[in-house]
Amino acid sequence: MTTEFTGQRPQTANLEDPLYYLSNMDTIVSWVADHHADLLTDRERNRLSAFANLGTGPRALLTRMVMRSGELFRADKLRYPELPVPEADALKLLVQEGWLDNSPELSLDDLFRLFTLAELRPVFGGWLQQQGHPKTLGKAQMRELLAEPFSEPRPLRDWMPDDGEAAQVVQLQDMALFDRIRLMFFGNLRQSWTDFVLVELGVQQFEPVPFTPESRAFQHRSEVDCYLQMHQCRERLDKGEPAADVWPDVPGPVDNPWLTSRRDRLLLELGRQAERQGEQELALQVWAASGHREARLKQLRLLERMKRFDDAWAIACQWQTTQLSDAEAQGLGRLLKRLAPKVGADKPEPVDNPPLREFTLTLPRPDTGTVELAAVQHLSTEAAPVVYVENTLINALFGLLCWPVIFKPIPGAFFHPFHIGPADLTREDFVARRAQAFEERFGLLKTHAYKQHIRDTFRNKQGIANPFVFWPVLDEALLELALHCIPAHHLESLFRRLLHNIKEHRSGFPDLIRFVPEAEQPEQRYEMIEVKGPGDRLQDHQIRWLQFFARQGIPASVCYVRWDDDEASV
DNA sequence: CATATTTCAG
DNA sequence: TTCACACACTCGC
DNA sequence: GAGTGTGTGTCTCTGAAATATGTC
Ligand SMILES: [Mn+2]
Ligand SMILES: [Mn+2]
């Protein structure tokens with residue numbers, strides 16, 4: 001049986017093939033070798049071709065190990081009856097060919113991951129007893145006590161000299177290469193070999209978007225390196241390594257907008273940790289280097305707290321002259337208001353924000369369930385049903401109407417069969433590259449044809465992944481209510497604002513929507529309601545949507561809930 | 001011995 | 001191994 | 001009011017096996 005991919009796209013292997021995982025691995029390896037060879041070093045190319053030339057048994061066993069977690073394995077825990085050769089033979093060959101190291105140095109942590117408590121007790125029991133510790137320690141406590149005196153890594157034989165038949169431990173030698181090809185294939189490190197299986201099981205369905213074999217996530221090796229290096233930095237931060245130690249290893253500015261925004265996010269997080277670790281100057285420096293909105297605001301707030309008002313004022317004024325998103329304008333506005341008196345400048349003109357409709361409900365405290373559900377319970381009637389939809393409804397209507405635009409086969413947007421959405425969805429030029437196509441979909445909103453398009457898409461694309469459609473919360477009844485009650489020109493307003501900044505505007509919608517199908521005024525057939533429990537308050541992006549609703553005449557309000565047994569707040 | 005958590009497989 | 005949201009705590013006015 | 005940090009549900013599914021941990 002051939003394991004080559006057939007045709008234009010990588011294929012998922014049938015699960016009745018006991019070596020289905022090997023078939024999938026071969027598919028990825030040959031796809032990368034065919035389409036990304038110029039992004040590989042000579043050594044990497046040779047390694048991949050050596051892999052392809054391994055016998056079925058060793059290749060399958062190596063693949064199993066690559067798919068499992070970690071790089072260290074006990075030979076006695078590798079049991080795969082589907083292999084055509086004994087595991088021991090396959091292992092021996094993999095060691096010979098340099099894919100595995102059969103006597104790796106093991107740290108104490110490695111040892112504790114590889115062996116069970118019962119296996120470790122005989123090894124360290126004596127030593128621990130000599131130190132006066134009880135013999136019944138748990139694994140974590142044992143490791144804690146041993147960490148200091150046994151900090152030196154050593155081979156397994158030196159850890160367990162008494163155990164004549166101690167299990168063999170092997171270490172995978174080229175995990176970095178397998179991660180690299182996975183990254184080049186998927187364009188991210190979040191997806192993996194398991195995507196093939198989930199598709200085959202039918203758990204996940206993807207829109208089949210045609211793409212040319214030249215389509216790929218990376219054009220230059222330096223981009224792959226940059227991605228991998230930033231990923232490492234992120235992992236080190238997550239592990240708790242000091243920001244000052246990680247900062248020197250963050251790649252410098254790049255001219256690729258996608259990698260730039262990933263770098264901006266990394267620097268935002270690095271700055272947060274720096275500040276938490278008391279490194280204020282480092283935080284300022286890192287945030288200054290990040291183009292992320294939140295990084296800029298944090299830089300300014302920190303300067304403010306350090307009483308460097310003139311520095312902050314200068315940066316803020318400079319920033320204000322650029323094109324600001326709603327969120328930026330909101331955050332910057334608050335800062336300027338506070339900074340102005342400190343530097344003796346005139347108070348900035350107050351923005352006149354539209355008033356928001358508000359009302360208060362006093363409800364019995366529910367013994368179970370959230371405040372939103374309590375509000376639904378109270379507000380929902382036969383004639384005016386209320387549904388808890390948050391972001392899902394408007395996003396879904398948009399995703400269904402604009403389905404063909406979202407999955408338009410634009411160069412570079414799709415490059416493997418497992419895309420939830422186009423790779424450039426949150427990039428600056430996403431809409432510009434599809435402007436005409438979006439206008440055509442919006443044109444449908446003026447013709448009443450849109451309802452049928454949305455219904456048809458709902459039925460035809462059922463279950464297929466779409467970045468805007470969360471299928472489990474949608475049903476025919478909800479869809480029909482929404483189509484009946486929300487006027488087309490309201491939908492157009494909502495969708496246009498959504499498109500104006502997808503990343504910032506796809507969330508922040510009110511919790512509830514109330515439908516009043518029989519209302520006479522077509523524009524009064526629904527209302528969106530944000531529920532706020534005691535102690536909760538509107539978030540910035542919720543406020544921005546609510547203000548937008550108010551300006552557009554879209555019915556919305558804020559419902560403040562009080563519990564009727566709560567004396568204090570009466 | 002019962003229960004929670006982690007890992008793996010498909 | 002993220003994202004969106006609620007909730008809890010702090011500070012200065 | 002504003003900023004910050006934390007917890008929670010959810011993330012792409014389901015079931016089984018291994019093992020850590022707590023209680024008796
Ligand atoms: Mn909510
Ligand atoms: Mn709410």
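Just so it is clear: chains get the letters A, B, ... in the order the sequence lines come, proteins before strands, and each one is counted from 1.
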Novice: Kindly point out which of B/dT7, D/dA2, C/dT1 is positioned nearest to the side chain of A/Arg334?
Specialist: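 From the listed options, D/dA2 comes nearest.
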
Novice: When you get a sec, tell me which of D/dC11, D/dT12, C/dC5 is the closest nucleotide to the side chain of A/Phe470?
Specialist: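 Looking only at heavy atoms from C-beta outward on A/Phe470, the closest nucleotide is D/dC11.
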
Novice: Taking the same atom, P, in C/dT1 and in D/dT14, what whole-Å distance lies between them?
Specialist: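 That atom pair is separated by 24 Å.
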
Novice: Can you see whether A/Phe468 has A/Arg506 sitting over its ring - NZ or CZ less than 6.0 Å from the centre and within 45° of the normal?
Specialist: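 Cation-pi check for A/Arg506 and A/Phe468: passes.
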
Novice: How many angstroms lie between atom CG of A/Leu335 and atom CD of A/Gln299, to the nearest 0.5 angstrom?
Specialist: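 So the gap between those two atoms works out to 10.5 Å.
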
Novice: Measure the shortest side-chain to side-chain distance between A/Trp313 and A/Leu303 over non-hydrogen atoms and say whether it is less than 4.5 angstrom.
Specialist: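 They are not in side-chain contact.
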
Novice: What is the distance, to the nearest angstrom, from the CD atom on A/Glu200 to the P atom on B/dG10?
Specialist: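 Distance, rounded to whole Å: 13 Å.
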
Novice: Please check: side-chain N/O of A/Trp159 versus main-chain N/O of A/Leu106, any donor-acceptor pairing under 3.5 Å?
Specialist: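 The answer is yes, because a donor-acceptor pair under 3.5 Å joins these two groups.
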
Novice: Please evaluate residues A/Glu527 and A/Ser557 with respect to the criterion side chain to side chain donor-acceptor pair (under 3.5 Å), reporting the C-alpha separation (whole Å), side-chain torsions for both, the decisive distance (0.1 Å), and the verdict.
Specialist: CA-CA 8 Å; A/Glu527 179 189 22; A/Ser557 54; 2.7 Å; yes

Novice: Each nucleotide in nucleotides 8-13 of chain C should get exactly one letter: B, S or -. Can you fill that in based on protein heavy atoms under 4.0 Å?
Specialist: ------

Novice: So what does A/Phe418 touch, heavy atoms closer than 4.0 Å: a base, only the sugar-phosphate, or nothing?
Specialist: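 A/Phe418: no heavy atom of the nucleic acid under 4.0 Å.
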
Novice: Would you please indicate yes or no on a ring centroid separation below 6.0 angstrom for A/Trp193 and A/Tyr21?
Specialist: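 For A/Tyr21 and A/Trp193, the ring centres are not under 6.0 Å apart.
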
Novice: For A/Glu235 and C/dT2, what is the distance between atoms CD and P respectively, to the nearest whole Å?
Specialist: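 Result: 10 Å.
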
Novice: Categorize A/Arg113 for me: base, sugar-phosphate, or nothing, with a 4.0 angstrom heavy-atom threshold over every strand shown.
Specialist: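 If one applies the 4.0 Å heavy-atom cut-off, A/Arg113 turns out to touch nothing in the nucleic acid.
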
Novice: Of the nucleotides B/dA9, D/dG3, C/dC5, which has the atom closest to the A/Arg338 side chain?
Specialist: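 Per side-chain heavy atoms of A/Arg338, the pick is D/dG3.
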
Novice: Hey, is the side chain of A/His541 poking within less than 4.0 Å of OP1 or OP2 on C/dC5, counting only N and O atoms?
Specialist: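 Yes, because at least one side-chain N or O of A/His541 sits under 4.0 Å from OP1 or OP2 of C/dC5.
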
Novice: Between D/dG9 and D/dC13, how far apart are the P atoms? Round to whole Å, please.
Specialist: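 Here D/dC13 and D/dG9 have their P atoms 16 Å from each other.
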
Novice: Please state whether the phosphate of D/dT12, meaning OP1 or OP2, lies under 4.0 angstrom from any side-chain nitrogen or oxygen of A/Thr194.
Specialist: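 Answer is no, no contact under 4.0 Å.
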
Novice: Mind pulling the stems DNA chain C is in, i.e. runs of at least three Watson-Crick or G-U pairs, everything under 3.5 Å?
Specialist: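 Result, WC/G-U stems under 3.5 Å: C:3-11 with D:1-9.
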
Novice: Counting primed atoms plus P, OP1 and OP2 as sugar-phosphate and everything else as base, spell out the protein contacts along nucleotides 16-24 of chain D at 4.0 Å heavy-atom distance: B, S or - for each nucleotide, 5' to 3'.
Specialist: ---SSS---

Novice: Tell me: CG of A/Asp540 to P of C/dC3, nearest whole Å?
Specialist: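 The answer, rounded to whole Å, is 18 Å.
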
Novice: Does B/dA9 have its OP1 or OP2 closer than 4.0 Å to a side-chain nitrogen or oxygen of A/Tyr20?
Specialist: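 Indeed not, no polar side-chain atom of A/Tyr20 lies that close.
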
Novice: Using whole Å, what does the distance between atom C1' of nucleotide D/dT14 and atom CG of A/Leu15 come to?
Specialist: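 Checked: the CG to C1' distance equals 14 Å.
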
Novice: Nearest to the side chain of A/Ser507, which nucleotide is it out of D/dC13, D/dG3, C/dA4?
Specialist: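 The nucleotide sitting nearest to the side chain is C/dA4.
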
Novice: For the pair made of CD in A/Gln232 and C1' in C/dT1, what is the distance, rounded to whole Å?
Specialist: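 Taking CD of A/Gln232 and C1' of C/dT1, I get 17 Å after rounding.
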
Novice: Roughly, in whole Å, what's the span from CD in A/Gln204 to P in B/dG10?
Specialist: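 One finds 19 Å between P of B/dG10 and CD of A/Gln204, rounded.
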
Novice: Do A/Leu373 and A/Thr370 have side chains that approach each other closer than 4.5 Å (heavy atoms only, starting at C-beta)?
Specialist: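 Side-chain contact under 4.5 Å: yes.
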
Novice: Compare the minimum distances between each of C/dA4, B/dA9, D/dT12 and the side chain of A/Asn391, then state the nucleotide with the smallest one.
Specialist: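 Taking heavy atoms from C-beta onward, the closest nucleotide is C/dA4.
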
Novice: Evaluate the salt bridge (Lys or Arg N to Asp or Glu O under 4.0 Å) criterion for residues A/Arg59 and A/Asp26: first the C-alpha distance (whole Å), next the side-chain angles of each, then the deciding distance (0.1 Å), finally the verdict.
Specialist: CA-CA 9 Å; A/Arg59 208 164 78 256; A/Asp26 286 340; 2.8 Å; yes

Novice: According to the Watson-Crick and G-U wobble definitions, with both distances under 3.5 Å, which nucleotide is paired to D/dA18?
Specialist: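 Matched D/dA18 with B/dT5 under the 3.5 Å cut-off.
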
Novice: Between A/Arg301 and D/dT4, is there a contact of a side-chain N or O with OP1 or OP2 at under 4.0 Å?
Specialist: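 For D/dT4, OP1/OP2 do have a side-chain N/O of A/Arg301 under 4.0 Å.
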
Novice: Classify the nucleic acid contact of A/Glu16 as base, sugar-phosphate or nothing, counting any heavy atom under 4.0 Å across all strands shown.
Specialist: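 Touches nothing.
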
Novice: Roughly, in whole Å, what's the span from CG in A/Asn353 to P in D/dG1?
Specialist: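 Rounded to the whole Å, the gap is 13 Å.
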
Novice: Of all the choices, D/dT4, D/dA2, C/dA6, which nucleotide is nearest to the side chain of A/Lys337 once you look at every atom?
Specialist: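 For A/Lys337, the side-chain atoms sit closest to D/dA2.
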
Novice: Send over the distance from A/Leu300 CG to D/dA2 P, rounded to a whole Å.
Specialist: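 Between P of D/dA2 and CG of A/Leu300: 16 Å.
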
Novice: Counting any heavy atom closer than 4.0 Å, what does A/Gln205 reach on the DNA or RNA strands: base, sugar-phosphate only, or nothing?
Specialist: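 No contact.
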
Novice: Does some side-chain heavy atom of A/Glu504 sit less than 4.5 Å from a side-chain heavy atom of A/Arg293?
Specialist: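 Yes, side chains in contact.
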
Novice: Just so I know, are the side chains of A/Tyr20 and A/Asn14 near enough to count as touching, which here means a heavy-atom distance under 4.5 Å?
Specialist: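 They are not in contact (no side-chain heavy atoms under 4.5 Å apart), so the answer is no.
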
Novice: Return the orientation label for the A/His416 and A/Phe185 ring planes: parallel under 30°, perpendicular over 60°, tilted otherwise.
Specialist: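 Rings of A/His416 and A/Phe185: parallel, under 30°.
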
Novice: Strictly below 4.0 Å: does A/Gln542 bring a side-chain N or O up to OP1 or OP2 of C/dC5?
Specialist: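 No, no such contact exists.
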
Novice: Would you tell me if any nitrogen or oxygen in the side chain of A/Arg68 comes within less than 4.0 Å of OP1 or OP2 on B/dC8?
Specialist: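 For B/dC8, OP1/OP2 do have a side-chain N/O of A/Arg68 under 4.0 Å.
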
Novice: Is A/Glu275 salt-bridged to A/Arg305, going by a charged N under 4.0 Å from an acidic O?
Specialist: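 A salt bridge is present here (some side-chain N lies under 4.0 Å from a carboxylate O).
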
Novice: Need to verify one output field. Residue with the more 5' nearest nucleotide on DNA chain D, A/Ile420 or A/Glu275?
Specialist: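 So the residue in question is A/Glu275.
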
Novice: Return yes if some donor-acceptor pair links the side-chain N/O of A/Arg182 with the main-chain N/O of A/Leu189 below 3.5 Å, else return no.
Specialist: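 A pair under 3.5 Å: yes.
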
Novice: Can you find a side chain N or O atom of A/Lys298 that sits less than 4.0 Å from OP1 or OP2 on D/dT4?
Specialist: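 It does, given that an N or O in the side chain of A/Lys298 lies less than 4.0 Å from OP1 or OP2 of D/dT4.
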
Novice: Using the rule given for salt bridge (Lys or Arg N to Asp or Glu O under 4.0 Å), can you reason through A/Arg301 versus A/Glu304, listing the C-alpha separation, both sets of side-chain angles and the distance that settles it, and then say yes or no?
Specialist: CA-CA 5 Å; A/Arg301 287 182 201 128; A/Glu304 180 190 23; over 6 Å; no

